[in-house]
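See below for the structure under consideration.
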Amino acid sequence: MKPNLKACGHAMVTALVNAVLAVILMLLVEFAISGTFQVPEPYLWAGFVIWIVVFSGQFWRQRYLCRSAEHTGSAQES
C-alpha cells in the first residue's frame, strides 16, 4: 500500500503543477489577445481536465517506478 500512496503523492504534485502552469499560460494568452484579465470558466475546466489526464498518467508511471525500486531494494537485501 505504501508504494501506491507514494506514487499518488508524486502524481498529485506533478499534475497540480502542470495544470496551474497551463491555466496561467491560457490566462496570459487571453490577456495578450483581449487586453483584459478575466478568468473564463472554460479555462478552469480545461485546467481540471489537464490535471485529471496528467494525474492518471503520472500515477501509473510513479506506481511502476516505486514498485520496481521496491523489488530492486528487496533483491539487493537478500
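Atoms considered below: every heavy atom in the structure, side chains included; atoms not considered: hydrogens, waters and symmetry mates. Quantities reported herein were computed from a predicted structural model and do not represent experimental measurements.
Looking at every heavy atom in both residues, Gly47 comes nearest to Ala19 through O-CB, 3.5 Å. Here the closest heavy-atom approach between residue Ala22 and residue Ile50 is recorded as CB-CD1, 3.5 Å. Nearest heavy-atom pair across Phe55 and Ala15 is N-CB, 3.5 Å.
The hydrophobic cluster containing Val39 also contains Phe31, counting ILVMFWY residues as joined when their side-chain heavy atoms lie under 4.5 angstrom apart, directly or transitively. By the rule that hydrophobic residues join a cluster once side-chain heavy atoms approach within less than 4.5 Å of another member, Val23 and Leu21 end up as members of separate clusters. Follow the hydrophobic side-chain contacts under 4.5 Å out from Val20 and you reach Leu28 in the same cluster. Leu27 and Leu44 fall within a single hydrophobic cluster, where Ile, Leu, Val, Met, Phe, Trp and Tyr side chains are chained together by heavy-atom contacts under 4.5 Å.
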Applying side chain to side chain contact (heavy atoms under 4.5 Å, CB included) to Trp51 and Asn18, what does each step give before you reach the verdict? CA-CA 7 Å; Trp51 184 85; Asn18 282 313; over 6 Å; no
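In this structure, the side chain of Ser34 engages the main chain of Thr36 through a donor-acceptor pair within 3.5 Å. Without hydrogens or angle criteria, Thr14 side chain to Ala11 main chain gives no donor-acceptor distance under 3.5 Å.
Here the NE2-CD distance, from His10 to Gln58, works out to 10.5 Å after rounding to the nearest 0.5 Å.
The aromatic rings of Phe48 and Trp45 stand perpendicular to each other, their planes meeting at an angle above 60°, with 30° marking the opposite boundary.
Taking the side chain as every heavy atom from C-beta outward, Met12 and Phe59 never approach each other to under 4.5 Å.
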